[in-house]
Amino acid sequence: MQRGPTLDRSFFDRPALVVAPELLNKVLVSGDRAARIVEVEAYEGADDPASHAFRGPTARNATMFGRPGHLYVYFTHGLHWCANAVCGPDATPSALLLRAGAPVAGVDQMRVARQQGRSVARHDRDLCRGPARLAQALGIDGQADGADLTQGRGIIRFADDGVDPPDPPGLSPRVGIRLAVERPWRWYVPGDPNVSGPSMNSAGGRSMKSPKADW
DNA sequence: CTGCCGATATACT
DNA sequence: GTATATCGGCAGC
């Protein structure tokens, strides 16, 4: 499986804005499947109107108010699951939405998991590009909410396989929100084709016609 | 590639 | 009733 140590609690027990760029290029392991995280977004608490935690704890967002290093999984739009890594400080809501990854192991299982009814991911690039796709590809759903990511033997964890975070990382506003859109709290790996949404890259010779604004 | 639209759980007014 | 941290299918370019 994946080489390298499992990220421990001290890694996550810091503000999400600090952890975010360091989490890029770490490997999210779920059973026999793994994806290199190439895009994350930070969400805070009472001062972040775009966050689920903005209005205080509920049954759904309880994990966000819990301990750093756990997985917050929520259901959205009536169909999709999305996964977050809870950050610090302890007992204050703070999390990183895992928005996209590059498949690195268990790709066959990912292809199976991503086939629902008639929908089929036609390119491997579509397996983990997007928060709900990433969760589905890795088999993460509501059962994984609250899982401890820092147990080395846990089913879901982050491995550091020695690939450094990008320097500098890409930075932009968060995707798909209406409030606090001006905050540049989305980090990504420049040039990675698995990044969802706007990214200042054309790695692999992809088009990049009318240059989109990028922070 | 871009844009529109529907599916529909959860939280909220 | 409305809004939402999304996605897939389709139309059109």
Side-chain angles (χ1 to χ4, degrees), chain A residues 16-17 19-20 23 28 35 37-65 70-87 93-101 110-146 171-188 193-214:
Chain A
L17 274 59
V19 178
L23 193 59
L28 175 61
I37 297 301
V38 298
E39 181 185 352
V40 300
E41 277 178 2
Y43 288 88
E44 295 287 345
D47 57 347
D48 182 6
S51 172
H52 288 167
F54 181 60
R55 299 167 197 277
T58 65
R60 178 167 74 155
N61 67 18
T63 303
M64 258 190 99
F65 288 81
H70 287 243
L71 194 68
Y72 167 44
V73 183
Y74 67 88
F75 198 52
T76 190
H77 287 90
L79 1 168
H80 302 299
W81 296 98
C82 296
N84 304 245
V86 176
C87 295
S94 162
L96 292 173
L97 172 63
L98 309 175
R99 282 200 59 91
M110 291 184 187
R111 292 196 191 102
V112 172
R114 290 273 297 117
Q115 288 181 10
Q116 300 281 45
R118 293 160 159 254
S119 72
V120 177
R122 291 209 268 277
H123 308 99
D124 284 353
R125 177 179 190 228
D126 292 330
L127 289 175
C128 302
R129 191 187 55 175
R133 291 166 173 169
L134 175 66
Q136 186 178 37
L138 292 178
I140 294 172
D141 61 17
Q143 289 189 45
D145 183 41
L171 189 59
S172 88
R174 292 175 289 184
V175 172
I177 58 171
R178 304 291 298 271
L179 301 173
V181 292
E182 75 286 356
R183 301 185 193 183
W185 284 2
R186 169 178 174 261
W187 286 259
Y188 59 90
N194 296 280
V195 172
S196 78
S199 66
M200 191 153 92
N201 74 70
S202 53
R206 276 323 152 278
S207 68
M208 170 82 194
K209 29 182 180 185
S210 41
K212 268 205 163 168
D214 199 279

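Letters A, B, ... are given to chains in the order of the sequence lines, protein chains preceding strands, and every chain is numbered from 1. Every heavy atom of this structure was used, including side-chain atoms; hydrogens, water molecules and symmetry mates were not.
Distance, His123(A) NE2 to dC1(B) C1': 13 Å, rounded to whole Å. Rounded to a whole Å, the CZ atom of Phe75(A) is 15 Å from the P atom of dA7(B). Atom C1' of nucleotide dA5(C) and atom NE2 of His77(A) are separated by 9 Å, given to the nearest angstrom.
Here the side chain of His80(A) is nearest to one of dA7(B), dT6(C), dA5(C), namely dT6(C). You'll find that the side chain of Arg60(A) is closest to dT10(B), out of dC1(B), dA5(C), dT10(B). Looking at the side chain of Asn84(A), the nearest of the listed nucleotides dA5(C), dA9(B), dT10(B) is dA5(C).
Nucleotides dT2(B) and dA5(C) have their P atoms positioned 22 Å apart, rounded to a whole Å. Nucleotides dA9(B) and dG9(C) place their C1' atoms 22 Å apart, quoted to the nearest Å.
For Glu41(A) and Arg99(A), the salt-bridge test passes: some basic side-chain N is under 4.0 Å from an acidic carboxylate O.
The phosphate of dT13(B) has OP1 or OP2 within less than 4.0 Å of a side-chain N or O from Arg55(A). An OP1 or OP2 oxygen of dG8(C) is reached within less than 4.0 angstrom by a side-chain nitrogen or oxygen of Arg114(A).
Here the closest heavy-atom approach between residue Leu17(A) and residue Ala42(A) is recorded as CD1-CB, 3.7 Å.
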